[in-house]
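One structure is given here, and the rest of the page talks about it.
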Amino acid sequence: MFFKKKEKTEAEIYEEIFAEEKKSENRNSARGSGYIVIPIVLMFVLGILVWIHAPNAALHYLYALVVMLLVCAFVGTYVYNRDGDMKLFAAIASLASIGVALQMAIDELYITYTVFQPLKLAAGLAAGVVFIVLYDLLRRFINHRYFAYVMLGFSLLIYVILYFFGIDPNGMGTHAWIQAGPITIQLTDASKIAAIMFYASLFASDDTRSEKDVLILATVFFFINLAGSVLIHELGSFFILYFLHLSIIFIFMKKGKMKRYYLLSIAALTLLGLGSAYGLYKVLQPLAAAGQLNSFTSLLWPIVRKVYLRFSVTANIYSDPYGAGYQLLQGKKALWLSGFFGNRVNFNAIPVVESDMAFIALINSFGMPAGFAAVLLFAMIMVSGSRLSIRLLSGSRKDAVVAYGLTILLCAQAALVILGSCNIIPLAGLPIPFLSRGGTYQAIVLGFCGLLLHMSEQGGVRYEGGGYHEE
């Protein structure tokens, strides 16, 4: 017979068994109990650094240390017992402890607008647990064909609410918050959750959408976020959604001319948009100076001016050293004079050090090794999240998209803020995950991390075959 199955030799059989054992070993290599020790040791090291650099904050850190140790031990044991990714846990717990130590030191060493409140961090942890439960409840609806349209409508609703009822508590010209009694909520963070759910539904494995339908819906969602971000003057969050959009299309769509032309078109439109912003600035700047802007150009001017200043200051930080470039100039001074052990002399006036410039404050307070450690930990999250997405892809594409989206939203924002605060790319004015303070965003970060750990349980086989497996 022409198609007779070839019998495997004994050597080939043993080779396959060895390969499977090697794969199993690689899967379990990130699940050792020893990874719990890493964040615990780091917490004590950070306590010493806080005591050296900010003695008055050391007592507050000591109180927080007891709680952090208990939470770390409990969560770490829970993840370990459920065969989750302990390397991912170690990176998350380590970054969280760095953030607590840094924020307590910042309140003593720098001039800030707010005071760090550990209670907000605890509330964020509780919100993260709720987020995990909600995902397990919503997961069954993601496969529904109309769920993507629901997320489209939800995103549109977010920007409508912010356009009419959004406030600007920081005076930065961005209406990304709403007032809810005594607290303010950054509603743009909800658009990130909507984006993950939208793309997961769009690429659900049992959906029957054609490539054309996928690209049309993705483009509509993309421009809803673009238009909404422009209207509320919040382009920082859109940069993250922009990268998420392109990377998900690039990775999860099948190869073909349609996909290639689409990505090239988005790249061309991006360059055209940046060029148009530069040209409009040159046209509108004299009109704005003369007070001759009409109703339409007065709407465009703040956006065009913001984009132009971001790029022009990055290209030449000394073009406006006491205006748009002041924050970056102070950060640059603090960065290059920090040294190995940190150097805080005369740098307590770094603007927004507790949020936008938290990475600079980390190096300035604790030294260059602390900055490199934070970058390494974010890289660990990126690698672990990407590997988890690959494992989930064989069982459920929508869960793979969710895992990838969570990873990108965390690591892309961290990279954007780190590079921006170091004046390598334009500063986006965003908080950095774990290191910056804030209620809403930290709750989102902890929710994303909790869901990643939850999805990693049993090596991702909880979602094998697209179904949820109860223990």
Side-chain angles (χ1 to χ4, degrees), residues 91-92 95 98-99 102 170 172 174 176 186 188-189 191-193 195-196 199 222 225-226 228-230 232-248 250-251 266-267 270-271 273-274 277 303 306-315 317 324-325 327-328 331-332 335 350-363 371-372 374-383 385-386 404-438 440-442 444-445 448-449:
I92 291 170
L95 280 168
I98 291 174
L102 173 63
N170 301 323
M172 302 295 181
T174 299
Q186 190 169 0
T188 49
D189 288 330
S191 65
K192 298 172 183 176
I193 298 176
I196 292 175
Y199 290 114
F222 177 82
N225 283 283
L226 174 59
S229 299
V230 168
I232 65 172
H233 301 168
E234 166 60 326
L235 294 177
S237 294
F238 176 73
F239 292 155
I240 308 298
L241 296 177
Y242 170 86
F243 185 77
L244 178 70
H245 174 80
L246 292 184
S247 60
I248 284 183
F250 178 77
I251 293 173
I266 293 294
T270 301
L271 294 175
L274 293 175
I303 303 164
K306 189 173 185 178
V307 173
Y308 178 85
L309 288 177
R310 294 286 188 187
F311 279 89
S312 63
V313 167
T314 302
I317 197 173
Q327 183 179 12
L328 290 172
K332 184 178 180 179
L335 181 65
I350 303 173
V352 204
V353 69
E354 69 276 17
S355 183
D356 300 7
M357 305 295 282
F359 182 74
I360 301 298
L362 176 66
I363 296 176
F372 287 121
V375 172
L376 177 62
L377 291 168
F378 278 117
M380 287 174 61
I381 293 177
M382 185 68 197
V383 172
S386 300
Y404 176 78
L406 295 172
T407 305
I408 286 299
L409 289 180
L410 288 171
C411 297
Q413 181 150 335
L416 187 67
V417 178
I418 290 172
L419 294 174
S421 59
C422 294
N423 198 41
I424 298 174
I425 63 174
L427 183 65
L430 294 171
I432 183 170
F434 302 104
L435 303 185
S436 298
R437 68 182 58 171
T440 309
Y441 183 65
Q442 288 298 356
I444 294 293
V445 168
F448 285 179
C449 292

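Residue numbers run from 1 in the order of the sequence given.
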Starting at [atom1] of [X], measure out to [atom2] of [Y] and round the result to the nearest 0.5 Å.
X: Met382; Y: Leu377; atom1: CE; atom2: CG; result: 15.5 Å
X: Leu309; Y: Leu427; atom1: CG; atom2: CG; result: 12.0 Å
X: Tyr242; Y: Leu226; atom1: OH; atom2: CG; result: 10.5 Å
X: Phe239; Y: Leu244; atom1: CZ; atom2: CG; result: 15.0 Å
X: Tyr441; Y: Thr188; atom1: OH; atom2: OG1; result: 10.5 Å
X: Asn225; Y: Leu235; atom1: CG; atom2: CG; result: 12.0 Å

Taking side-chain contact (heavy atoms from CB on, under 4.5 Å) as the test, write out the residues that go with Asn423, two or more places apart.
->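 Checked Asn423 against side-chain contact (heavy atoms from CB on, under 4.5 Å); matches are Thr314, Ile317, Leu328.
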Please report the shortest heavy-atom distance between [X] and [Y], naming the atom on each side.
X: Ile360; Y: Gly331; value: CG2-O, 3.6 Å
X: Val417; Y: Pro431; value: CG2-O, 3.6 Å
X: Gly236; Y: Leu430; value: O-CD1, 3.3 Å
X: Ile363; Y: Gly371; value: CG1-CA, 3.8 Å
X: Cys411; Y: Phe378; value: SG-O, 3.6 Å
X: Ala358; Y: Ile432; value: CB-CG2, 3.9 Å

Measure the shortest side-chain to side-chain distance between [X] and [Y] over non-hydrogen atoms and say whether it is less than 4.5 angstrom.
X: Gln442; Y: Val445; value: yes
X: Val375; Y: Phe359; value: yes
X: Cys449; Y: Leu410; value: yes
X: Phe222; Y: Leu241; value: no
X: Ile408; Y: Tyr404; value: yes
X: Leu409; Y: Ile444; value: no
X: Phe434; Y: Ile381; value: yes

For atom CZ of Phe243, decide whether the heavy atoms of other residues, nucleotides or ligands shown that lie under 6.0 angstrom number more than 12.
->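 No - once you tally the heavy atoms of other residues, nucleotides and ligands closer than 6.0 Å, there are 12 at most.
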Those residues that, when tested against Ser237, pass side-chain hydrogen bond (donor to acceptor under 3.5 Å, both in side chains) (two or more places apart) | Glu234
Counting only N and O atoms by type, is there a donor-acceptor contact under 3.5 Å from the side chain of Arg437 to the main-chain atoms of Ser355?
->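 The answer is no, because no donor-acceptor pair under 3.5 Å joins these two groups.
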Got a donor-acceptor contact below 3.5 angstrom from the Lys306 side chain to the His233 backbone?
->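 Confirmed, Lys306 side chain pairs with His233 backbone.
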